[in-house]
Chemist: 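Okay, here's the structure, questions in a sec.
The chains referred to below are lettered A, B, ... by the order of the sequence lines, with proteins before strands, and numbering in each begins at 1. Atom set for the values below is all heavy atoms of this structure, side chains included, hydrogens, waters and symmetry mates excluded.
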Amino acid sequence: MEREGSSNHWDWNNPETRRRLEDLFFDERGYIKSKSEESKEFWVFFERFQRFQVLQKQKTRRSDVGEEEGHKKKLADLPKEYDPRYRINMSIILSREAERALHGHQKKGHKSRNYEDIPIDKLTEFKKAILHYLDFNQRQSFGKLTKLRKERSSLPIFQYKDKIVQMVRDHQVVVVAGDTGCGKSTQVPQYLLAAGFGHIACTQPRRIACISLAKRVGFESLNQYGSKVGYQIRFESSRSPATKIVFLTEGLLLRQIQRDSDIPQYQVLIVDEVHERHLHSDFLLGVLRRLLPQRPDLKVILMSATINIKLFSEYFDQAPVLQVPGRLFPIQVIYQPIPQEEAVSKSEKLDPRPYLRVVQAIDHKYPTDERGDLLIFLSGVTEISTVQEAIQVYATHTQRWIVLPLHSTLSIAEQDKVFDLTPPGVRKCIISTNIAETSVTIDGVRFVLDSGKVKEMSFDPKAKMQRLQEFWISRASAEQRKGRAGRTGPGVCYRLYAESDYDAFAAYPVPEIQRVALDALVLQMKSMGLGDPRIFPFIEQPPMSSIETAILYLKDQGALDVYEELTPIGNLLAKLPVDVVIGKMLILGSLFSLVEPVLTIAAALSVQSPFLRNATNNPECTTARKPLESDHGDPFTLLNVFNEWLQIKSNRGSNSRKWCRRRGLEEQRLYEMTNLRRQFKELLKDHGMLQESETRTVDRYRRQRQHKERKELHQLKREHERTEKRKRKVLKLQDEELGTSSDEDKKSSKERNNSVDIQDVKFKLRHNVDELRELSGAGEELSSRQLSLLKLIVCHGLYPQLALPDSFNSCRKDSDQVFHTKSKQGIVLHPTSVFSSNPELLQVDEDQEEVNVNDSKNRGLSSKHQIVGFVSLLETNKPYLVNCVRLPALQGLLLLARSLDTNTDCCRIVCDGWIEMNMEDPENTLHLISEAVKVRLAWEKVLRSRLEKSNRRDFDEDDKRRWRREIDGLRAASG
DNA sequence: CTCTCCCT
């Protein structure tokens with residue numbers, strides 16, 4: 001009776017009821033884990049199932065069709081091949097408690113559990129629902145699996161499956177050449193795994209490719225391998241001991257080889273996209289060629305587009321080649337060379353008219369209800385803006401296009417817009433750099449418009465200057481660009497050059513190794529014991545002058561000795577994943593109690609600038625940025641940005657995303673910096689340059705709070721992962737009258753604020769913000785003494801990258817300030833530099849002189865003169881100094897210059913044979929020089945002894961005391 | 001008055 005009664009008032013939706021059922025049926029042994037994401041999914045299913053059953057009862061009350069049959073037909077579209085044999089054996093899915101409850105075997109002692117008021121028919125019903133749920137899921141998986149099998153077997157490469165396996169069995173090196181869409185990157189690793197190979201690594205030039213390939217391959221196997229497919233990139237890994245296939249970046253594999261040249265952890269190495277000819281992949285091929293005889297059991301598969309295959313095959317002793325056809329739709333090519341008068345416009349600005357004409361032609365020729373977006377390839381950001389402006393006018397007028405720029409200096413949010421959808425009858429017009437050639441793949445592109453131009457970085461070894469210049473693309477690039485039109489259907493490629501131009505293009509782009517500075521490469525080669533880099537058998541030799549320049553530079557920097565062997569410093573530099581310049585800062589920085597800001601600056605100079613270019617036009621942003629600017633130079637501005645951001649981060653309740661947006665900062669770059677500085681710190685510790693930090697004592701209250709917060713963060717992360725499915729937004733047309741964009745921005749930013757900031761969650765799981773803030777001293781202002789030491793450390797890293805202001809600068813306007821280096825005259829400040837907008841900081845201000853002469857030692861000397869340290873020299877339209885620091889000339893040069901020459905009466909000092917200082921007080925000059933020499937000797941001694949001891953961890957107390965004394969002396973003298 | 005693109 002009682003049971004009947006409670007059954008009538010039964011409510012499946014009662015949370016308490018649900019909790020109790022979960023307790024009873026879901027446990028650790030069960031297929032549905034209690035409180036798991038799956039249990040949530042189950043309840044969603046359950047509600048549908050209940051509704052369905054009610055419906056079904058009404059319909060089939062008098063029908064002969066069994067209830068169960070009915071469900072099966074309605075619940076899912078299942079393939080005919082499904083066989084109920086695949087069903088899970090029910091007996092194992094229920095917890096013991098549940099079985100007892102169902103069979104009424106509850107023992108007296110278990111009364112506390114109190115299931116008796118749950119009616120037995122409800123228990124049975126619930127059990128049935130679980131059964132259906134599991135069955136439903138299995139059928140779904142089964143359906144997915146058959147669909148995937150079909151897809152996989154329709155890939156062009158599928159025909160060659162056995163052939164590939166056989167070739168790999170028979171040869172140590174195999175080349176697989178296949179064009180876009182043949183499926184080589186996803187299938188080859190799986191074929192090899194299925195054939196019994198294990199420990200498979202597949203390298204990719206880009207991080208995102210590693211993640212998406214691991215995801216795709218994991219998905220194709222329906223995660224039946226579980227964690228058997230994974231990826232590993234810097235700072236991120238989904239690898240586990242069970243991983244059989246790992247996708248990793250070329251750079252990461254090279255670091256692994258540097259640690260253990262035999263890489264015993266791998267049996268098969270697949271090097272993908274070798275045709276792209278990146279510095280890393282060319283080097284990796286060289287390293288592997290050396291390794292093969294030592295590892296006869298190692299299998300290497302090179303994967304390439306069908307480009308220049310002979311080169312790769314020959315490099316590996318005529319390795320066999322398998323060519324696989326690609327799968328692209330046909331693409332019509334239309335050559336439309338730019339008329340003479342538009343090709344060379346007077347303003348030297350790109351003429352957008354030929355581009356606009358193509359857009360209009362598309363509107364004219366193709367009905368708006370036909371699918372297809374347009375992708376325009378241009379060489380650079382300014383070109384994109386010019387063309388964008390012109391097309392936007394037309395787009396606003398016709399309401400048929402949404403114009404989107406795409407390049408790497410755009411905020412990540414803006415880059416992601418190219419994946420959004422358009423309203424019906426509207427096409428996307430994506431105007432892009434070569435980022436869309438390989439790195440960003442946009443489906444749905446039907447039209448490609450190719451300018452035929454690309455900007456490429458080259459290197460001038462004489463001035464140690466980077467040069468960014470525009471060139472014609474290669475035929476290979478032209479084909480790659482064209483191919484972007486045929487991914488989802490037949491396409492059209494408009495080329496704004498003549499077919500004869502195309503024929504005159506180079507066949508391939510110049511490999512990176514032949515264009516860039518090889519400092520880091522040579523250093524790494526030395527550290528890997530690869531011998532003389534001049535005679536290393538690269539697949540294609542870099543210019544000998546590049547190698548010589550690199551060796552000379554490394555010698556000059558003390559990384560190589562006269563025999564071109566690694567010095568202790570060089571050895572350490574080779575292990576730091578940064579430019580030599582940054583590595584030197586880190587090494588010197590670790591000798592002082594100023595490591596923390598040095599770590600931050602080194603990290604900041606190793607990532608893309610967090611300052612978004614777009615925001616420079618926004619006056620609100622520039623005002624909000626003002627307080628972050630440092631008088632001392634750009635690296636210090638970056639330091640301020642990081643420290644301020646960290647303050648915001650550790651302040652619960654404040655929104656760092658909003659803080660960044662207001663200042664036009666890309667927060668992602670700050671996250672990257674946090675990861676980098678931690679890696680630097682750990683490497684310096686590993687090599688004995690820093691002492692292990694004492695474990696901090698945290699009071700119990702705080703520990704509890706941290707524990708609770710972490711739990712919540714994990715919960716948020718899981719929640720996010722469950723609901724992750726990226727929803728593509730529908731883009732809006734720009735309003736004809738006034739840009740509704742600002743309104744739109746506000747709205748979308750609000751929406752974004754409401755959702756979980758997953759980057760913030762991940763960041764807080766990875767780093768202890770409070771600890772980070774306290775350790776990095778983010779809240780504290782540096783004393784002027786610390787600041788001046790910090791500058792010296794930074795400039796010691798930069799040395800000899802120093803520039804002198806031209807003596808007539810005070811007569812020039814802000815943007816025309818001229819500087820000189822030893823090897824290059826007439827350089828200007830990059831407009832992003834603080835000094836560019838505040839050039840007076842670098843000028844000798846006669847009024848200020850009075851104020852400065854309060855230090856007796858410096859009386860009458862050029863302490864007011866400033867020299868400029870810079871991180872890099874970049875020539876675009878003009879040669880620019882990038883990332884500048886100012887340094888008091890006298891102090892800086894005395895402490896940094898390689899050579900100091902004086903005349904007999906000491907009224908002149910010539911530094912490094914090019915900077916001359918006129919001294920007013922010869923007696924004091926001598927004193928200063930001897931002080932400087934003392935400091936430099938101490939500096940060197942400390943460094944050497946630290947490096948020599950770096951293999952031993954046990955510094956004795958005497959050492960420490962001595963170092964501290966010397967460093968203090970040094971600090972006093974240089975402050 | 002401004003910078004192609006990756007990566008340890």
Side-chain angles (χ1 to χ4, degrees), chain A residues 203-210 232-236 248-259 273 276-284 377-385 406-410 415 432-440 451 453-458 466-471 473 477 509-510 512 515-516 520-521 523-524 527-528 573-579 582-583 603 606-609 611-617 622 672 675-676 679-680 683 813-817 828-833 835-837 839 872-883:
Chain A
T203 69
Q204 294 295 321
R206 285 163 289 275
R207 300 163 51 106
I208 319 164
C210 295
Q232 193 182 0
I233 56 182
R234 191 183 192 182
F235 304 128
E236 224 180 293
L248 76 174
T249 47
E250 293 158 354
L252 196 72
L253 180 64
L254 277 168
R255 287 286 168 193
Q256 291 178 353
I257 297 176
Q258 190 180 3
R259 282 198 291 271
E273 316 281 17
E276 289 189 21
R277 306 298 309 275
H278 298 283
L279 182 66
H280 279 156
S281 69
D282 270 15
F283 181 39
L284 182 58
F377 283 104
L378 292 171
S379 63
V381 180
T382 40
E383 290 78 6
I384 289 174
S385 309
L406 176 64
H407 49 84
S408 71
T409 49
L410 232 44
Q415 289 185 36
S432 171
T433 59
N434 48 355
I435 192 171
E437 214 175 289
T438 50
S439 311
V440 178
S451 67
K453 297 292 177 61
V454 69
K455 272 182 190 147
E456 252 181 6
M457 193 73 84
S458 54
Q466 317 233 74
R467 192 174 281 140
L468 193 64
Q469 278 173 297
E470 192 178 78
F471 297 99
I473 56 173
S477 290
V510 181
E512 197 182 358
R515 299 193 326 250
V516 299
L521 180 81
L523 193 61
Q524 206 178 356
S527 153
M528 291 164 85
L573 283 172
K575 284 174 180 146
L576 297 172
V578 285
D579 286 345
I582 312 291
S606 304
V607 300
Q608 263 190 55
S609 168
F611 292 109
L612 288 167
R613 256 163 53 90
N614 243 356
T616 328
N617 309 323
T622 39
E672 289 165 9
N675 292 333
L676 276 173
Q679 190 190 20
F680 296 160
L683 281 167
K813 60 173 182 157
D814 282 14
S815 56
D816 288 346
Q817 303 284 304
V828 297
L829 292 163
H830 197 270
T832 52
S833 176
F835 303 129
S836 181
S837 36
S872 59
L873 209 53
L874 172 71
E875 185 178 291
T876 51
N877 302 314
K878 291 177 254 178
Y880 289 108
L881 299 171
V882 180
N883 279 324

Chemist: Who pairs with A/Thr832 by side-chain contact (heavy atoms from CB on, under 4.5 Å), at least two apart in sequence or on another chain?
Modeler: A/His830

Chemist: Which nucleotides of nucleotides 2-8 of chain B have their base under 4.0 Å from a protein heavy atom (B), which only their sugar-phosphate (S), and which neither (-), written as one string 5' to 3'?
Modeler: BBBSSSB

Chemist: Run the salt bridge (charged side-chain N to carboxylate O under 4.0 Å, His left out) test against A/Lys575 and tell me which residues pass, sequence neighbours left out.
Modeler: none

Chemist: Excluding sequence neighbours, so at least two apart, what forms side chain to side chain donor-acceptor pair (under 3.5 Å) with A/Arg467?
Modeler: A/Asp460, A/Glu875

Chemist: Checking A/Ser281 now: which residues fulfil side-chain contact (heavy atoms from CB on, under 4.5 Å) with it, not counting sequence neighbours?
Modeler: A/Glu250, A/His278

Chemist: Quick one: side-chain contact (heavy atoms from CB on, under 4.5 Å) partners of A/Ser439, sequence neighbours excluded?
Modeler: A/Arg206, A/Ile435

